[in-house]
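Below is one structure, written out as structure tokens; the observations come after it.
When reading the values below, keep in mind they use all heavy atoms of this one structure, side chains included, and skip hydrogens, waters and symmetry mates. Each residue takes its place number in the sequence, starting with 1. In each ligand, atom 1 is the first atom listed, and ligand 1 is the first ligand listed.
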Amino acid sequence: MKLAHKNSLVPVFYADTHNLHQPLYEYDRGLQIPYQEIPRRIEAAKAALCALPFTKLINPSRRLTEAFCLNLHAAALIDYLKRSSIQAAKLQQEHPDQGEVYLTPWIYPLKPAMASGLRNSPEAMGCFAFDLYAPVGEHSWEAVFASANLAFTAADAVLRGETQIAYALCRPPGHHAGYDYTGGYCYLNNAAIAAESLLPLGAGAILDIDYHHGNGTQEIFWERADVLYVSIHADPRAEYPFYSGFAEERGGKAAFDKNLNLPLPMGSGDTVYLHALDKALAAIQNMEAQWLVLSAGYDTCHEDPTTTFTLTDAVYAEIGKRIAKLQIPVVIVHEGGYAVEANGRLAAQLLSGLFLN
Ligand code: SP5
Ligand code: ZN
């Protein structure tokens with residue numbers, strides 16, 4: 001980044017509210033396993049980022065409004081999240097002996113005719129969640145909104161010219177959340193909310209380096225020529241979310257070639273990855289992006305328990321370094337990463353690579 005910014009501290013946006021959202025279990029082909037998207041992930045990232053000499057922690061007040069979210073999401077989705085949290089609280093009160101209550105969908109409308117009745121029923125979860133990985137507890141809405149608020153306030157700091165780099169410690173993550181659905185640990189699309197708030201600076205780009213394709217982000221900006229979405233992820237023929245992330249998906253009519261998917265083979269390593277990164281950065285440079293939102297997932301690393309890429313620590317610093325060459329403001333939004341401590345180590349590598357170059 002520009003020399004001037006080395007004199008100012010990089011703001012790291014954090015809210016402890018995320019701890020209130022703590023589902024216990026998920027299902028892996030019928031096996032009940034611990035929920036992988038756990039609070040310690042973001043606590044590890046917070047600790048590592050705070051330990052850097054050039055950062056300052058910010059606990060922002062609530063500045064995001066539901067009205068702003070409606071630029072990205074359906075009102076029905078927000079209603080659904082609020083209603084489900086209330087429903088979970090009631091159930092929790094009725095069953096104090098049950099431990100933490102997290103609602104999950106139990107009936108999915110596979111055909112439109114099935115959705116019409118279900119949508120307005122008290123059992124509508126299957127109309128708003130595309131998988132089982134986004135359960136809703138009594139405090140989930142509060143945590144989800146606070147997480148989105150971090151992305152919003154981080155982007156706003158850049159918009160106001162207070163900083164050229166900001167890090168939003170979002171939890172729950174967001175890139176699988178689409179216009180009107182949740183899934184894959186995601187409820188509201190934090191990166192999309194950051195991108196939308198940066199538009200007064202002109203057209204820009206979202207670079208998604210999470211291991212999984214950001215199906216939600218792609219969908220939200222599909223017809224939008226002012227936001228380029230570029231994603232490097234595992235081949236959706238073999239990996240979640242399976243239904244999107246293919247190279248052939250290049251954007252809607254109004255925004256053709258404003259969507260760039262760079263799927264990589266299962267088990268990809270450093271060399272292949274950095275080659276794809278250069279392609280991604282070239283596309284961002286070509287469209288003359290005025291800002292970048294980085295959807296930063298660390299589930300690409302060699303020790304992630306849920307994925308197959310084998311990236312070494314040095315790659316994350318290198319990603320930061322290469323992004324710095326774009327010479328545009330960057331809002332980093334935390335996404336996935338399930339090797340708990342790696343979230344800290346790699347976030348610090350990435351931010352150091354970006355800031356110190
Ligand atoms: C934000 C983010 O990284 N979300 C990831 C959601 C995907 N996790 C659910 C997939 C788990 C499937 N387990 C099958 C493992 C096969 N070895
Ligand atoms: Zn992921």
Side-chain angles (χ1 to χ4, degrees), residues 18 21 23-42 44-45 102 104-105 129-135 140 143-144 147-148 150-151 168-178 181-194 206-220 229 231-245 261-264 266-268 273 293-311 316 319 332-340 342-343 346-347 350:
H18 78 87
H21 173 73
L24 290 179
Y25 302 110
E26 63 179 53
Y27 295 89
D28 180 359
R29 293 156 300 175
L31 300 176
Q32 190 185 58
I33 63 169
Y35 198 67
Q36 300 292 297
E37 199 287 281
I38 56 172
R40 281 192 294 127
R41 299 175 52 251
I42 226 67
Y102 281 85
T104 51
F130 74 85
D131 64 18
L132 291 173
Y133 294 90
S140 293
V144 164
S147 180
L150 298 178
L169 281 167
C170 296
R171 178 178 178 274
H175 75 152
H176 295 304
Y181 57 82
T182 66
Y185 312 136
C186 301
Y187 301 80
L188 290 178
N189 196 307
N190 307 315
I193 288 167
I206 301 172
L207 173 58
D208 190 330
I209 59 169
D210 188 277
Y211 172 81
H212 305 97
H213 179 244
N215 57 291
T217 316
Q218 167 170 303
E219 181 197 70
I220 288 170
Y229 177 68
S231 178
I232 306 170
H233 50 267
D235 187 348
R237 283 178 303 183
E239 189 52 278
Y240 183 96
F242 300 103
Y243 69 84
S244 81
N261 284 329
L262 300 166
L264 298 179
M266 300 290 273
S268 287
Y273 194 90
V293 170
L294 182 65
S295 259
Y298 304 94
D299 40 7
T300 44
C301 84
H302 63 98
E303 67 196 86
D304 194 284
T306 69
T307 63
T308 70
F309 287 4
T310 60
L311 302 194
Y316 298 85
I319 293 170
I332 305 176
V333 175
H334 206 97
E335 300 280 1
Y338 308 101
V340 175
N343 279 279
L346 303 177
L350 178 73

Counting backbone and side chain alike, does Glu335 bring an N/O/S atom below 2.8 Å of the Zn ion (ligand 2)?
no
Heavy-atom pair of closest approach, residues Asp210 and Gly336:
OD2-N, 2.9 Å
Looking only at non-hydrogen atoms, find the nearest pair between Arg237 and Phe242 and report the distance.
O-CD2, 4.3 Å
Run the side-chain hydrogen bond (donor to acceptor under 3.5 Å, both in side chains) check on Tyr133 and Gln36 step by step: do they pass?
CA-CA 10 Å; Tyr133 294 90; Gln36 300 292 297; over 6 Å; no
Could you check which N/O/S atom of Asp210 is closest to the Zn ion (ligand 2)?
OD1
Criterion side chain to side chain donor-acceptor pair (under 3.5 Å) against Asp208, the qualifying member of His233, His175, Gln218
His175
For Asn343 versus Gly337, what's the shortest heavy-atom pair and its separation?
ND2-O, 2.8 Å
Stepwise side-chain hydrogen bond (donor to acceptor under 3.5 Å, both in side chains) test for Tyr211 and Glu239
CA-CA 9 Å; Tyr211 172 81; Glu239 189 52 278; 2.8 Å; yes
Kindly determine whether Tyr338 and Glu37 satisfy side-chain hydrogen bond (donor to acceptor under 3.5 Å, both in side chains), including the steps that lead there.
CA-CA 7 Å; Tyr338 308 101; Glu37 199 287 281; over 6 Å; no
What N, O or S atom of Asp299 is found closest to the Zn ion (ligand 2)?
OD2
Are any N, O or S atoms from His212 nearer to the Zn ion (ligand 2) than 2.8 Å?
yes
Residue shell around ligand 1, heavy atom under 4.0 angstrom
Asp28, Arg29, Tyr133, Pro173, His175, His176, Gly184, Tyr185, Asp210, His212, Tyr240, Asp299, Gly336, Tyr338
Return the minimal non-hydrogen interatomic distance between Ser295 and Ala191, and the atom names on each side.
OG-CB, 3.4 Å
